[in-house]
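Below you'll find the structure, written out as structure tokens, and then a few comments.
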Amino acid sequence: MRRAVIATPNTAPLLPKLAGIVGPKNVVTDAADMQPHLVEWRGLYQGRAQCVVKPGSTAEVAAVLKLATETGTPVVAQGGNTGAVGGQTPDDSGRAIILSLQRLNRIREVDAAGSVLVAEAGVTLQQVQAAAAGVDRLFPLSLASEGSCTIGGTLATNAGGTAVVVYGNMRDLTFGIEVVLADGRVWNGLSKLRKDNTGYDLRNLFIGSEGTLGVITAASLRLFPRPCAQATAFVAVPDPEAALALLSRAQGEAGGQVTTFELICRLGLDMVLAHVPGTRDPLGEVSPWYVLLEIGGRDEAALGAGLEAMLAAAFEAGEATDAAIATSLAQRQLLWKIREDLPLAQGGEGGSIKHDISVPVSSIPAFMAEATAMLAARFPGCRPCPFGHMGDGNLHFNVSQPVGMDKRTFLALYGEMNLAVYEVVARYGGSIAAEHGVGQMKRDVLPRFKDPVAMDLMRMLKSGLDPLGILNPGKVL
Ligand SMILES: Cc1cc2nc3c(=O)[nH]c(=O)nc-3n(C[C@H](O)[C@H](O)[C@H](O)COP(=O)(O)OP(=O)(O)OC[C@H]3O[C@@H](n4cnc5c(N)ncnc54)[C@H](O)[C@@H]3O)c2cc1C
């Protein structure tokens, strides 16, 4: 790695030089126009910046970063500003420039035969899904933010979502990436190869690096055959152990085509029914836990029959007590609405302390029992509302405030409760940041839970790739 050496810092005003690179109208300094880029979508993080720069090509990104290195200017890459850990928000020093990738919005290539799609960083996830569908292929990443989040942002956070159980996360869905380094050099790693063992895995170094090691400008993405049919069920299960047994049964019988396995607690369903108009309980009897289960395949009739037979065996084994199978698209959408609107519904119950965590799939029941008991003992009256991607081990182990408690008093417990839950996560060999990343939210707590040697390796990589520390300073490390 060649190190950038600054003999004489360039002190000439930055803004005219940026305007010279991207054109004056693509350097935004007006306060009102900058505001949406300075505040995160929930209002949890707010910062200041010199300007928002909107390059329109990889070459322009490279020139901006070269200038940033010459002037020691911090650069905060930003896509759709939907990130959940404050990674896309600048600090409040006002020194940074925000590098918006939204004008890099071209799909460069769609190759159905090769199952590859090459998209620039600012293309939204929904646009990529649509382009894949246009050639009868599937790009399987699916998030509630897909209309706004960008390919660059999903790569930089290694986004997950509801289909990771079968398709994996962004790392698994990517052949290659194009990256601009801090000094302005471009690494063209837009490989389309499934096999390439020519040394270190650079692609996976930048994926998940949250804008701290380089700026991703394009990616070659993996496409899949489109499942022609889907069978969707909302299944009542007595407890998380039974949910685990059902997962194992479904994976065994569906030949690896379980595309969704989402756990939902009864409190979560009650919150949705109370706060989301147009929802109803899909089942007659109350159960403490539910699973939203979806299986993909090619033959609709065979799929439906297979799902029914599998559920009948699960009833017999005591793994499930009731189930509703969607028989129309509208019914399927209603089942999905319960899961997708759950985070929103939680807001209707006052304060919620969130934990985006993962543990090994088989440890989920034991983890939840221990974490719930700990919460009851240390935070009396709080209401755990766990839900999420049980099929891949990632739970949103969220905790709602006690009924009647003042919201601010409850949220003052945020840090203390996070640490208490993370201690339990660590005992199960889990991760404190399963899919949303570290950003600024978990930066300070990360060293307490990550292997010290891993932390050292991360610092070495950061100083090697970004010796001046201009790339998204204060995030991750
Ligand atoms: C309603 C909702 C639901 C969500 N559901 C999920 C979910 O199920 N699973 C999940 O994983 N996430 C989820 N998220 C979080 C979020 O959508 C993802 O993190 C998304 O990947 C961020 O994309 P973005 O374009 O908005 O990135 P931004 O928010 O703009 O940026 C996120 C991070 O990536 C960096 N970055 C952005 N673009 C680049 C680039 N081109 N090069 C280098 N760094 C870059 C930023 O600096 C920042 O650190 C959800 C968010 C919302 C609002």
Side-chain angles (χ1 to χ4, degrees), residues 36-42 44-45 47 52 55 58 61 65 74-90 96-105 119-128 141-164 168-171 173 177-182 205-219 260 262 339-344 347 354 356 358 387-389 392 394-396 433-443 465-466 471-476:
H37 297 271
L38 296 173
V39 62
E40 176 249 28
W41 52 282
R42 294 161 301 190
L44 281 182
Y45 298 98
V52 179
T58 301
V61 174
L65 286 185
V75 178
V76 180
Q78 196 175 86
N81 195 8
T82 69
V85 289
Q88 70 277 23
T89 314
I97 59 172
I98 293 176
L99 184 71
S100 168
L101 280 303
Q102 283 179 324
R103 286 183 62 232
L104 268 71
N105 56 7
E120 294 185 345
V123 178
T124 66
L125 175 54
Q126 203 167 59
Q127 288 165 337
V128 166
L141 190 81
S142 174
L143 317 175
S145 55
E146 59 202 23
S148 313
C149 69
T150 63
I151 288 305
T154 54
L155 283 162
T157 58
N158 185 29
T162 52
V164 173
N169 49 28
M170 270 308 258
R171 280 203 172 101
L173 301 175
I177 52 175
E178 179 185 87
V179 180
V180 180
L181 303 182
L205 190 56
F206 291 100
I207 297 176
S209 67
E210 302 183 45
T212 63
L213 298 182
V215 174
I216 299 166
T217 45
T260 299
E262 296 284 310
R339 168 61 187 86
E340 284 177 345
D341 287 353
L342 210 163
L344 180 81
K354 299 182 193 308
D356 165 40
S358 63
F387 63 94
H389 320 304
D392 64 43
N394 173 200
L395 289 177
H396 299 298
E435 65 175 1
H436 294 159
V438 176
Q440 21 185 335
M441 183 181 265
K442 297 182 179 176
R443 179 198 60 203
L465 286 165
D466 180 22
L471 293 178
N472 216 0
K475 314 296 166 55
V476 183

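Both ligands and their constituent atoms are indexed starting at 1 by order of listing.
For a threshold of 3.5 Å applied to N or O pairs, the pair formed by G83 and ligand 1 contains at least one separation below that value. Between S148 and ligand 1, a contact under 3.5 Å exists for no N or O pair. Not a single N or O atom of A84, backbone or side chain, sits closer than 3.5 Å to an N or O atom of ligand 1. Backbone and side-chain nitrogen or oxygen atoms of E210 are examined, and one is located within less than 3.5 angstrom of a nitrogen or oxygen of ligand 1. Backbone and side-chain nitrogen or oxygen atoms of A156 are examined, and none is located within less than 3.5 angstrom of a nitrogen or oxygen of ligand 1. Ligand 1 has an N or O atom lying under 3.5 Å from an N or O atom of I216, backbone or side chain. Considering backbone and side-chain atoms together, E435 places an N or O closer than 3.5 Å to an N or O of ligand 1. Residue G160 has at least one nitrogen or oxygen atom sitting less than 3.5 Å from a nitrogen or oxygen atom of ligand 1, judged on distance alone. For G214, no nitrogen or oxygen atom sits less than 3.5 Å from a nitrogen or oxygen atom of ligand 1, counting backbone and side chain alike. Considering backbone and side-chain atoms together, Q78 places no N or O closer than 3.5 Å to any N or O of ligand 1.
Distance check, rounded to the nearest 0.5 Å: CD1 of I151 to CG of L141 gives 7.5 Å. Remark: T82 OG1 to W41 CH2 distance equals 7.5 Å, nearest 0.5 Å. With values rounded to the nearest 0.5 angstrom, E262 atom CD is found 9.0 Å from F387 atom CZ. Expressed to the nearest 0.5 Å, how far CG of L44 lies from OG1 of T89 amounts to 9.0 Å.
Across all their heavy atoms, D356 and H436 have their closest contact at OD2-N, 2.8 Å. T217 and V179 get closest at one heavy-atom pair: OG1-N, 4.2 Å. The shortest non-hydrogen separation linking I98 to H37 is CD1-O, 3.4 Å. Closest non-hydrogen pair, V164 versus D392, comes out as CB-OD2, 3.2 Å. Summarising the geometry of G160 relative to N169, their closest heavy-atom pair is CA-CB, 4.1 Å, with the distance given to 0.1 Å.
Compare G79, S209, S100 by their heavy atoms: the one nearest to atom 30 (O) of ligand 1 is in G79. Nearest-heavy-atom check against atom 50 (C) of ligand 1 across A144, S145, S142, G80 picks out S145. Of the listed residues (G437, G153, P90), the one carrying the non-hydrogen atom nearest atom 38 (N) of ligand 1 is G153. Considering only non-hydrogen atoms, atom 19 (O) of ligand 1 lies nearest to T157 out of V75, T150, T157. Between atom 15 (C) of ligand 1 and the options N158, V215, T82, the minimum heavy-atom separation is to T82.
Per-residue contacts place A159 under 4.0 angstrom from the following atoms of ligand 1 (heavy atoms of the residue considered): 11 (O), 21 (O). Taking every heavy atom of T154 and a limit of under 4.0 angstrom, the matching atoms of ligand 1 come to 21 (O), 23 (O). Atoms of ligand 1 lying under 4.0 Å from at least one heavy atom of G211, given by number and element, are 43 (C), 44 (N).
Looking from atom 46 (C) of ligand 1 to the surrounding protein, the closest heavy atom is A77 O, 3.1 Å. Protein heavy atom in closest approach to atom 53 (C) of ligand 1: W41 CZ2, 3.4 Å. Here the heavy atom of the protein found nearest to atom 12 (N) of ligand 1 is H436 CD2, 3.5 Å. With respect to atom 31 (O) of ligand 1, the closest heavy atom belonging to the protein is Q88 CB, 3.6 Å. Ranking protein heavy atoms by distance to atom 28 (P) of ligand 1, first place goes to N81 N, 3.6 Å.
Using a 3.5 Å distance cut-off with no hydrogens or angles, the side chains of T157 and E210 do not pair a donor with an acceptor. Using modelled atom types and a 3.5 Å distance limit, the side chains of Q78 and S100 yield no donor-acceptor pair.
Assignment of L101 to the shell around ligand 1 is supported, since a heavy atom sits closer than 4.0 Å. Between K475 and ligand 1 there is no heavy-atom distance shorter than 4.0 Å.
V215 pairs with exactly one of L65, N472, L181 by the side chain to side chain contact (heavy atoms under 4.5 Å, CB included) rule, that one being L65. Looking at E40, Q102, Q88 one by one, the single match for side-chain hydrogen bond (donor to acceptor under 3.5 Å, both in side chains) with N81 turns out to be Q88.
In terms of modelled atom types and a separation under 3.5 Å, the side chain of N158 and the main chain of M170 share a donor-acceptor contact.
The aromatic rings of H396 and H389 sit perpendicular to each other, their planes meeting at more than 60°, with 30° as the lower class boundary.
The part of N472 lying near ligand 1 is the side chain, judged by heavy-atom distances below 4.0 Å.
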